[in-house]
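These notes concern the structure reproduced below.
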Amino acid sequence: MQEVASTPAVAEGVPAQEPPTIAELVGALGLRERKKRARRDALIDATHRLVDRDGLDAVTVEAICEAAGVSVRTFFNYFETKDDAVLGHATYPIDPVLEDEFAAGGPTGHLLTDVEHLVASLLEAAPSARARMAKGLEIAAREPRLLARHLAWLDKHKGLLMTLVARRLGDDPVHPPETVASLALFLTHASFVRWEARGGTGEVRDHLHDVLGELRALLADDTTTARDAAAARDADPARDAGPARGG
């Protein structure tokens, strides 16, 4: 017979603590994510300042951590190398929980919709300001090894995406895993392009849904739908903020 853990006794005169509501749990998660983003951005900004001042080769991880006010251990929770900190590369941008959910056929069971959720997770790892991204690219333009690192990072994550898609599709896939992985990378890139074209305001992820809608219309050769969508965006610029985030 399975033993059931007893509920801890409440001291007399001390009111029982109410369990957190769902809204409180979601709010706490949001706060943790914002703190992680702020810490990550601080590391990127410190790296950019030091590289501008001292040059890429002279900057150490220890100096970056001192400038950002974090430990070396914390640095490696976010970046594999100082080069990745310059470029804003996340150590592993796909949330492991979402990865397992996708591989198991979730979250909706519809492949293209689930790819959209996966790409949204990738875009969450993007640097959170246009100027920050531009600075990383500016430094990369004068440091050839950073461009090589960026290409190697893209290739690595394309391989990781292909492996993940293959897990989902199984031994006899309906679609080639490399095609689905390439689609995910395209949606990532196109969302960045759209974000940049609209002034780099807000989050890159907010443009993903519209990019996917435009791609659907293009593949269906549905000119009317594409024109209607464009007209709706022109009439309501706030729509570019994207759909409400629901996970």
(message) As a quick check of understanding, evaluate side-chain contact (heavy atoms from CB on, under 4.5 Å) for Arg40 and Ile44, giving each step before the final call.
(response) CA-CA 6 Å; Arg40 183 171 174 274; Ile44 294 173; 4.1 Å; yes
So which heavy atom on [X] is nearest to which on [Y], and how close?
{"X": "Val211", "Y": "Ala190", "value": "CG1-CB, 3.6 Å"}
{"X": "Met162", "Y": "Pro177", "value": "O-CB, 4.0 Å"}
{"X": "Ala68", "Y": "Ala42", "value": "CB-O, 4.0 Å"}
{"X": "His175", "Y": "Leu169", "value": "O-CD1, 3.1 Å"}
{"X": "Thr47", "Y": "Ala85", "value": "OG1-CB, 3.5 Å"}
{"X": "Ala184", "Y": "Val119", "value": "O-CG2, 3.6 Å"}

What I want to find out is whether [X] reaches [Y] closely enough, with some N-O distance under 4.0 Å, to be called a salt bridge.
{"X": "Lys156", "Y": "Glu80", "result": "yes"}
{"X": "Asp210", "Y": "Arg198", "result": "no"}
{"X": "Arg145", "Y": "Asp57", "result": "yes"}
{"X": "Lys135", "Y": "Asp45", "result": "no"}
{"X": "Glu99", "Y": "Arg168", "result": "no"}
{"X": "Arg142", "Y": "Asp52", "result": "yes"}
{"X": "Arg194", "Y": "Glu214", "result": "yes"}

Validation row: [X], [Y] side chains within 4.5 angstrom (heavy atoms):
{"X": "Thr81", "Y": "Arg149", "value": "yes"}
{"X": "Leu50", "Y": "Thr60", "value": "no"}
{"X": "His157", "Y": "Leu161", "value": "no"}
{"X": "His48", "Y": "Glu138", "value": "no"}
{"X": "Asp83", "Y": "Leu56", "value": "yes"}
{"X": "Asp100", "Y": "Arg167", "value": "yes"}

Drop me the distance from [X]'s [atom1] to [Y]'s [atom2], to the nearest 0.5 angstrom.
{"X": "Glu116", "Y": "Leu112", "atom1": "CD", "atom2": "CG", "result": "7.5 Å"}
{"X": "Leu185", "Y": "Leu122", "atom1": "CG", "atom2": "CG", "result": "7.5 Å"}
{"X": "Leu98", "Y": "Leu164", "atom1": "CG", "atom2": "CG", "result": "10.0 Å"}
{"X": "Leu208", "Y": "Leu212", "atom1": "CG", "atom2": "CG", "result": "6.5 Å"}

Do [X] and [Y] share a hydrophobic cluster, counting only Ile, Leu, Val, Met, Phe, Trp and Tyr and linking them when any side-chain heavy atoms are less than 4.5 Å apart?
{"X": "Leu183", "Y": "Val193", "result": "no"}
{"X": "Phe76", "Y": "Val70", "result": "yes"}
{"X": "Val97", "Y": "Phe102", "result": "no"}
{"X": "Leu147", "Y": "Trp153", "result": "no"}

(request) Tell me, with the steps shown, if Val174 and Leu111 meet side-chain contact (heavy atoms from CB on, under 4.5 Å). (result) CA-CA 11 Å; Val174 176; Leu111 181 59; over 6 Å; no
(request) For Thr74 and Ser71, test the side chains for any donor-to-acceptor distance below 3.5 angstrom and give the result as yes or no. (result) yes
(message) One pair to check against side-chain contact (heavy atoms from CB on, under 4.5 Å): Ser191 and Arg205. What are the steps and the verdict?
(response) CA-CA 7 Å; Ser191 297; Arg205 152 181 185 157; over 6 Å; no
(request) Answer yes or no: is there a donor N or O on one side and an acceptor on the other, between the side chain of Asp84 and the main chain of His89, under 3.5 Å? (result) no
(message) Among Leu137, Ile64, Val51, Val59, which residue satisfies the side-chain contact (heavy atoms from CB on, under 4.5 Å) criterion with Val86?
(response) Val51
(request) For Glu62, look at atom CD and say whether over 12 heavy atoms of other residues, nucleotides or ligands are found less than 6.0 Å away. (result) yes
(message) Between Leu87 and Phe79, is the side-chain contact (heavy atoms from CB on, under 4.5 Å) condition met? List the steps.
(response) CA-CA 10 Å; Leu87 295 165; Phe79 303 105; over 6 Å; no
(request) Please identify each residue that fulfils salt bridge (charged side-chain N to carboxylate O under 4.0 Å, His left out) with Lys36, with sequence neighbours left out. (result) Glu33
(request) Could you tell me whether Arg39 sits above the aromatic face of Tyr78, with NZ or CZ closer than 6.0 angstrom to the six-membered ring centre and within 45 degrees of the axis? (result) no
(request) Take the angle between the ring planes of Trp195 and Phe192 and call it parallel below 30°, perpendicular above 60°, tilted in between. (result) perpendicular
